[in-house]
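Report on the following structure.
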Amino acid sequence: MSTIFTKIIAKEIPADIVYEDDLVLAFRDIAPQAPLHILVIPKQEIATANDVTADDELALGRLFTAAAKIAADQGIAENGYRLIVNCNAHGGQEVFHLHMHILGGRSLGPMLTKRETD
Ligand code: AMP
């Protein structure tokens, strides 16, 4: 089932696009969680990390090469950044078109905030 990201790929709704090639598109997150927060998405529709198949390997590999280029272009490569792919409810996934978050621009601290119930 299509999501809002399909409309962004089709340029039917606006997005602040920072990178595009034949397989992936990258644009700034509408609700940034860090000074730099960019989403990189495959142009083909893959709902979640659970739905990945061998046919997706080229596009999903491209997410990483695009992320490396974007990090360099945005000036965060040397200091570092975090790449995140959320899956389903426990992962906190909200948009069911697989995407990679690039978060950077400051020290991001521990990977997860520990809760008292953990
Ligand atoms: P996730 O929780 O991993 O599914 O992340 C979905 C992300 O998409 C969130 O960080 C949202 O802020 C972001 N998002 C939702 N709609 C848009 C949009 N139209 N343009 C840019 N980012 C969006």
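If you're wondering where the values come from, they're calculated on a predicted model, not measured in any experiment. In listed order, ligands and their atoms are each counted from 1.
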If you measure from [atom1] on [X] to [atom2] on [Y], what distance do you get to the nearest 0.5 Å?
X	Y	atom1	atom2	result
Leu60	Met100	CG	CE	8.5 Å
Arg28	Ile102	CZ	CD1	10.0 Å
Leu58	Leu63	CG	CG	10.5 Å
His37	Arg82	NE2	CZ	11.5 Å
Ile84	Leu108	CD1	CG	8.0 Å
Ile38	Ile17	CD1	CD1	12.0 Å

Please work out, at 4.0 Å between heavy atoms, whether the side chain, the backbone, both, or neither of Arg28 comes within that distance of ligand 1.
backbone

Just to be sure I read this right, does ligand 1 sit under 4.0 Å from the backbone of Phe5, its side chain, both, or neither, counting only heavy atoms?
side chain

Looking only at distances, please establish whether an N/O atom of ligand 1 is found under 3.5 Å from an N/O atom of Val95.
yes

For ligand 1 and His37, I'd like to know whether there is a polar contact (N/O to N/O, distance under 3.5 Å).
no

Correct closest heavy-atom pair for Leu25 and Ile9 would be CD2-CA, 3.9 Å

Verify whether the ring centers belonging to His101 and His99 lie closer than 6.0 Å.
yes

So which heavy atom in the protein is nearest [atom], and how far is it from that ligand atom?
atom	value
atom 23 (C) of ligand 1	Ile30 CG2, 3.5 Å
atom 4 (O) of ligand 1	Glu94 N, 2.6 Å
atom 6 (C) of ligand 1	His99 NE2, 3.5 Å

Out of Ile4, Leu98, Val85, whose heavy atom sits nearest atom 19 (N) of ligand 1?
Ile4

Out of Ile13, Ile38, Asp29, whose heavy atom is nearest to atom 10 (O) of ligand 1?
Asp29

Is His101 near ligand 1, meaning one of its heavy atoms is under 4.0 Å from it?
yes

Does Gly92 have a heavy atom less than 4.0 Å from any atom of ligand 1?
yes

What are the atoms of ligand 1, with element, lying closer than 4.0 Å to any heavy atom of Asn86?
1 (P), 2 (O), 3 (O)

Where ligand 1 meets Ala31 - atom numbers and elements under 4.0 angstrom, heavy-atom basis:
12 (O)

Indicate if Ile30 and Leu39 have the same hydrophobic cluster label, given that clusters are the connected sets of ILVMFWY residues with side-chain heavy-atom separations under 4.5 angstrom.
no

